[in-house]
Amino acid sequence: MDELDEITLTGLTVFGYHGVFDFERRQGQEFTIDLMLQLSLVAAAATDDVADTVHYGELADTVAAIVAGEPVNLIETLANRIADAALEDARVQNVAVTVHKPSAPIEQSFADVSVTVRRRRP
């Protein structure tokens, strides 16, 4: 098998209504998503055809729809939904998804809070 290559999408910022508190679900906030997909890019490099790779524009649209969609309590759940969506493409062997919640309701001063999940094709 070929070595696995990577496609990385970082800093995708989408407004969503996720959180355990009612005000988070009412007011919403921005979430920032980073994804790293591992797959073989040998075919795409050989054919120079976007059909032979993961179209990162379409992936960004899918992820944005998930983040802007049905609210969840935990960013852990949100990250898992995004990972599941990325793995729907059979070429993707591994995925790492980080969901950042820079406006989390934390009383202490902080720069960011995030959760990263890693999933692999069985």
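Positions are given from 1 along the sequence.
For the atom pair OG1 (Thr116) and CD1 (Ile75), the distance works out to 9.0 Å, reported to the nearest 0.5 Å. The CD atom of Gln27 lies 10.5 Å from the CG atom of Asp22; values are rounded to the nearest 0.5 Å. From Arg25, atom CZ reaches atom OH of Tyr17 across 12.5 Å, with rounding to the nearest 0.5 Å. Taken from CG in Asn80 to CD1 in Ile66, the straight-line distance is 10.5 Å, to the nearest 0.5 Å. For the atom pair Leu39 CG and Asp89 CG, the distance stands at 7.5 Å (nearest 0.5 Å). Here the CD1 atom belonging to Ile33 is positioned 7.5 Å from the NE2 atom belonging to His100, to the nearest 0.5 angstrom.
Minimum interatomic distance between Ala85 and Thr62 (heavy atoms only, all atoms of both residues): CB-CG2, 4.1 Å. Contact detail for Val113 and Ala104: the closest heavy-atom pair is CG1-CB, 3.6 Å. A pairwise comparison of heavy atoms in Met36 and Thr8 identifies CG-OG1, 3.8 Å as the closest pair. Taking both residues in full, the closest heavy atoms of Leu12 and Ala60 are given as CD2-O, 3.7 Å, listed atom of the first, atom of the second, then distance.
In terms of modelled atom types and a separation under 3.5 Å, the side chain of His55 and the main chain of Gly57 share a donor-acceptor contact. Remark: side-chain polar atoms of Arg121 are paired, donor with acceptor, to backbone N or O of Leu87 under 3.5 angstrom. The backbone N or O of Asn94 sits nowhere less than 3.5 Å from a side-chain atom of Arg119 that would complete a donor-acceptor pair. Of the possible polar contacts, one joining the His18 side chain to the Val72 backbone as a donor-acceptor pair under 3.5 Å is found. A donor-acceptor distance shorter than 3.5 angstrom exists from the side chain of Thr13 to the backbone of Gly11, with no hydrogens or angles considered.
Within 6.0 Å of the CG atom in Asp112, the count of heavy atoms belonging to other residues, nucleotides or ligands exceeds 12.
In this structure the side chain of Gln29 reaches within 4.5 angstrom of the side chain of Phe31, judged on heavy atoms. Annotation: side chain of Leu37 is in contact with side chain of Leu59 (closest heavy-atom distance under 4.5 Å). Side chains of Thr77 and Arg81 form a contact here, defined as non-hydrogen atoms less than 4.5 Å apart. Within the 4.5 Å cutoff, no side-chain heavy atoms of Arg118 are placed close to those of Val95. In this structure the side chain of Phe110 never reaches within 4.5 angstrom of the side chain of Pro102, judged on heavy atoms.
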Next item on the list: Would you check, one step at a time, whether the test side-chain contact (heavy atoms from CB on, under 4.5 Å) holds for Leu9 with Ile7?
Entry: CA-CA 7 Å; Leu9 173 64; Ile7 294 175; 5.8 Å; no
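For the pair Lys101 and Glu24, the salt-bridge criterion is met [side-chain N within less than 4.0 Å of a carboxylate O].
One hydrophobic cluster, built from ILVMFWY side chains closer than 4.5 Å, cannot hold both Phe21 and Ile106; they sit in different ones.
When each of Leu35, Asp34, Thr98 is paired with Thr10, the side chain to side chain contact (heavy atoms under 4.5 Å, CB included) condition holds for Asp34 and for no other.
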